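This report refers to the structure that appears directly beneath it.
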Number of protein chains: 2
Amino acid sequence: MAANYSIGQFSKKTSTTIRTLRYYDEIGILKPAFITESGRRYYSDNDLIKLQKIVSLKYLGYSLEKITEFIHMNDWNLKESLSFQRKEMLQKKLHIEKVIRALDHALHIMDDDGEVDSSIFISLILNIQMESEHKKWLKGFIEEKKVDAMYDIPEEKQLELNKKAITIYSDLKNLYGHDPESNQVQEVIKGYMEIVQEIIGDDFKLVQELYDMGNESESQIDTHNLFHSPFTPEEEEWVTKAMDIYLRKKGVIVDGK
Amino acid sequence: MAANYSIGQFSKKTSTTIRTLRYYDEIGILKPAFITESGRRYYSDNDLIKLQKIVSLKYLGYSLEKITEFIHMNDWNLKESLSFQRKEMLQKKLHIEKVIRALDHALHIMDDDGEVDSSIFISLILNIQMESEHKKWLKGFIEEKKVDAMYDIPEEKQLELNKKAITIYSDLKNLYGHDPESNQVQEVIKGYMEIVQEIIGDDFKLVQELYDMGNESESQIDTHNLFHSPFTPEEEEWVTKAMDIYLRKKGVIVDGK
DNA sequence: CATAAAACCTAACGTAACGAGAGATGCAAG
DNA sequence: CTTGCATCTCTCGTTACGTTAGGTTTTATG
């Protein structure tokens with residue numbers, strides 16, 4: 001029970017700040033072996049081991065509250081707890097990986113032209129963020145296999161396609177107001193449809209299905225909360241018109257207004 | 001500039017809590033388009049876009065403070081900032097991966113026997129945590145190539161070796177007090193040395209070097225802060241004695257005390 | 001032994017991004 | 001006119017300490 005170390009010495013020995021040691025004393029997770037009448041703290045070798053335990057568990061991501069529980073209960077189910085913690089950490093890892101992917105996409109589209117329209121940037125990020133929700137939603141309408149195929153594209157290709165799409169969004173925004181039937185506009189739309197086809201393949205029926213889904217009045221509310229558009233409502237109406245014309249010419253749309 | 005949405009409506013539309021919206025108003029990152037005399041907040045479509053921008057940037061890991069800066073400066077270098085953020089996130093990812101590895105090791109050694117000695121557990125975690133520091137330290141003494149080779153072991157094998165080592169630590173702790181020269185003790189030490197050899201190869205010179213390094217008085221301080229031992233000082237003295245006897249018999253140590 | 005310097009003490013505020021509650025007010029419908 | 005819902009403004013709580021500020025105790029030195 002030798003209380004050998006003053007707080008300063010203990011602090012150096014353990015690479016823990018004095019403040020931290022006092023805090024641990026305060027919350028009762030590590031009380032020094034001995035306190036003098038004047039209030040000075042002295043720590044023992046036993047405290048050293050206790051602190052190491054705390055540090056280890058902290059490293060594994062536990063909160064001080066949990067650790068306090070662990071230390072005071074002596075029959076804690078370590079294995080189960082570790083296994084739970086592992087799952088939590090895997091979750092966190094997945095999240096970070098998604099964020100990194102979003103950053104990669106954002107950086108990639110800025111490679112040459114440092115400037116991107118703000119709303120395009122936003123929709124890029126928001127859509128990457130919602131990707132898994134998109135998949136789920138689509139699977140409610142389309143065969144699971146087809147949906148998986150749509151998303152099973154090598155990362156590099158995705159970066160490229162996304163970049164092309166962004167350029168087209170930008171072009172469309174610049175062309176807003178022009179006649180939707182003009183060659184200029186129709187050319188850009190054609191470029192867009194080429195990208196769509198690279199993603200979903202040459203399956204024209206699928207193109208049509210997707211198109212219908214986006215326009216069904218009941219799903220409108222869903223789609224607009226789920227898929228973020230880079231366009232303003234006015235722009236979007238105009239783009240839809242241009243797309244309509246394009247698809248009609250291609251014979252994908254036959255009926256209806 | 002139509003201020004169309006009450007805070008409740010805006011909250012639902014954006015899946016943001018009312019509290020958050022009020023907070024954003026308070027810190028000035030998103031002030032509603034219009035506030036009535038009685039203090040009610042009304043948001044516009046423009047605010048919608050602003051909020052989406054905030055949400056996007058938050059998703060990328062930026063703090064509200066940074067975001068506020070971004071929004072108020074209109075010439076922020078987005079690209080550089082994103083690139084910096086990416087690095088930060090990669091760091092975080094690396095950290096989490098290390099934690100997961102530590103959890104894996106901890107779980108693996110508990111696969112059969114749910115119980116592990118507390119100090120062994122601690123040293124396992126602390127040593128995994130310090131792994132990169134260990135490598136650096138070793139490279140100050142041993143050829144870089146050799147050090148890299150020591151650590152370049154498939155994860156599965158590492159789990160196995162670690163588990164074996166833990167069992168041996170446990171055995172040694174149980175045998176503490178017995179004659180270090182006894183067959184029983186020497187057998188366990190032999191098992192330990194087999195593990196060591198699996199890691200560093202059949203290079204007896206290297207074994208000797210490592211052994212010397214651990215015992216050189218000047219490096220003692222370093223080693224004890226860097227490598228965490230699962231043994232108490234008394235236990236460790238005893239283990240060292242047993243190891244000494246073993247290595248002397250094997251002819252690895254010749255001279256000295 | 002006196003004094004200065006070093007080490008230590010408590011107390012209290014600050015952090016980030018809200019969540020949760022208390023208690024007061026506004027506003028539209030019956 | 002009252003009921004009831006929406007909204008308002010405080011204010012405290014959260015995590016794990018960092019950071020002063022201002023006072024006391026120990027230790028080193030002349």
Side-chain angles (χ1 to χ4, degrees), chain A residues 3-43 47 50-71 85 88-89 92 95 99, chain B residues 3-43 47 50-71 85 88-89 92 95 99:
Chain A
N4 299 316
Y5 315 106
S6 72
I7 198 169
Q9 291 166 330
F10 200 65
S11 158
K12 273 180 194 155
K13 200 174 169 62
T14 61
S15 310
T16 311
T17 68
I18 290 180
R19 174 64 175 121
T20 298
L21 290 172
R22 288 206 267 249
Y23 179 64
Y24 287 176
D25 181 7
E26 188 189 332
I27 64 173
I29 192 171
L30 178 66
K31 289 194 174 297
F34 178 67
I35 298 186
T36 67
E37 278 181 49
S38 64
R40 274 151 196 244
R41 298 169 178 81
Y42 286 90
Y43 293 87
D47 294 330
K50 279 190 201 168
L51 182 57
Q52 282 164 346
K53 200 166 185 171
I54 294 167
V55 171
S56 306
L57 291 171
K58 236 183 41 174
Y59 179 72
L60 297 180
Y62 290 102
S63 68
L64 290 183
E65 200 186 343
K66 275 275 165 215
I67 296 174
T68 315
E69 275 178 42
F70 287 167
I71 288 178
Q85 192 66 13
E88 296 272 291
M89 287 296 153
K92 273 199 184 182
H95 175 76
V99 172
Chain B
N4 298 316
Y5 315 105
S6 72
I7 198 169
Q9 291 166 329
F10 200 65
S11 157
K12 272 179 196 157
K13 200 174 169 64
T14 60
S15 310
T16 311
T17 68
I18 291 179
R19 174 65 176 118
T20 298
L21 290 172
R22 287 207 266 251
Y23 179 64
Y24 286 178
D25 181 8
E26 188 187 332
I27 64 172
I29 192 169
L30 179 66
K31 290 194 173 296
F34 179 65
I35 298 186
T36 68
E37 278 181 47
S38 63
R40 277 155 192 243
R41 297 167 177 83
Y42 285 91
Y43 294 86
D47 294 331
K50 279 190 201 166
L51 182 57
Q52 281 163 346
K53 200 166 185 172
I54 294 167
V55 171
S56 307
L57 291 171
K58 233 182 42 174
Y59 180 73
L60 296 181
Y62 290 102
S63 69
L64 290 182
E65 199 186 343
K66 275 274 165 216
I67 297 174
T68 315
E69 276 178 42
F70 287 167
I71 288 177
Q85 192 66 12
E88 296 272 289
M89 287 296 153
K92 273 199 184 182
H95 175 76
V99 171

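Below, chains carry the letters A, B, ... as their sequence lines are ordered, and counting in each starts from 1. Computed from a prediction, not measured in an experiment: that's the story for all the values here.
- Distance E37(B) CD to dC8(D) C1': 15 Å, rounded to the nearest Å.
- Ring-plane geometry between Y43(B) and F10(B) is classed as parallel, the angle between the planes falling under 30 degrees on a 0 to 90 degree scale with a further cut at 60.
- With I7(A) as reference, R22(A) is the one residue of R22(A), K12(A), R40(A) to meet the side-chain contact (heavy atoms from CB on, under 4.5 Å) rule.
- Taking atom CD1 on I54(A) and atom C1' on dT15(D), their separation rounds to 16 Å, with Å as the unit.
- In terms of phosphate contacts, R41(A) brings a side-chain nitrogen or oxygen within less than 4.0 Å of OP1 or OP2 of dT10(C).
- Side-chain N/O atoms of R22(B) include none lying less than 4.0 angstrom from OP1 or OP2 on dC18(C).
- The backbone N or O of T36(A) sits nowhere less than 3.5 Å from a side-chain atom of S38(A) that would complete a donor-acceptor pair.
- Other residues, nucleotides and ligands place no more than 12 heavy atoms under 6.0 Å from the NZ atom of K66(A).
- The minimum heavy-atom distance linking A33(A) with D47(A) is given by the pair N-OD2, 3.0 Å.
- Enclosure of atom NZ in K31(A) by more than 12 non-hydrogen atoms of other residues, nucleotides or ligands within 6.0 angstrom is indicated.
- Whole-Å rounding puts the D25(B) CG to dC8(D) C1' distance at 12 Å.
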Between protein and nucleotides 1-4 of chain C, what N or O pairs are separated by less than 3.5 Å?
none

Quick one: which protein N/O atoms are closer than 3.5 Å to N/O atoms of nucleotides 17-24 of chain D? Pair and distance per line, please.
residue	atom	partner	partner atom	Å
dC17(D)	OP2	Y24(A)	OH	2.7
dC17(D)	OP2	K58(A)	NZ	3.2
dG18(D)	OP2	T17(A)	OG1	3.0
dG18(D)	N7	R19(A)	NE	3.1
dG18(D)	O6	R19(A)	NH2	3.0
dT19(D)	O4	R19(A)	NE	3.3

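- Between K58(B) and L64(B) there is a side-chain heavy-atom pair separated by less than 4.5 Å.
- Residue contacts shown for I27(B) are absent, as no nucleic acid heavy atom lies under 4.0 Å away.
- Atom CD1 of I67(B) is separated from atom P of dA16(C) by 13 Å (rounded to the nearest Å).
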**OP:** Using the side-chain contact (heavy atoms from CB on, under 4.5 Å) rule, take Y24(A) and R19(A) through it: C-alpha gap first, then chi angles, then the decisive distance, then the call.
**Re:** CA-CA 9 Å; Y24(A) 287 176; R19(A) 174 64 175 121; over 6 Å; no
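- Within 6.0 Å of atom CD in E65(B), 12 or fewer heavy atoms from other residues, nucleotides or ligands are found, so the atom counts as exposed in its surroundings.
- Atom NZ of K12(B) is separated from atom C1' of dT7(D) by 13 Å (rounded to the nearest Å).
- Using modelled atom types, no side-chain atom of T16(B) and backbone atom of S11(B) make a donor-acceptor pair closer than 3.5 Å.
- S63(B) comes within contact range of the sugar-phosphate backbone alone, with a heavy-atom separation under 4.0 Å but no base atom that close.
- With ring centers used as reference points, Y5(A) lies 6.0 Å or more from Y42(A).
- Sequence order on DNA chain D of the closest nucleotides to S6(B) and Y62(A) puts S6(B) first from the 5' end.
- What separates OH of Y5(A) from C1' of dT26(D) is a distance of 21 Å, to the nearest Å.
- Summary of helix geometry: the two end axes of the helix from dC1(C)-dG30(D) to dG30(C)-dC1(D), each defined by five base pairs via their C1' atoms, are inclined to each other by 30° (rounded to 10°).
- Although no hydrogens or angles enter the test, the distance criterion places no donor-acceptor pair under 3.5 Å between the side chain of T68(A) and the main chain of I29(A).
- Straight-line distance from the CD atom of E26(A) to the P atom of dA16(D): 13 Å, rounded to whole Å.
- Summarising the geometry, the separation between CD1 on I35(A) and C1' on dT10(C) is reported as 13 Å, rounded to the nearest angstrom.
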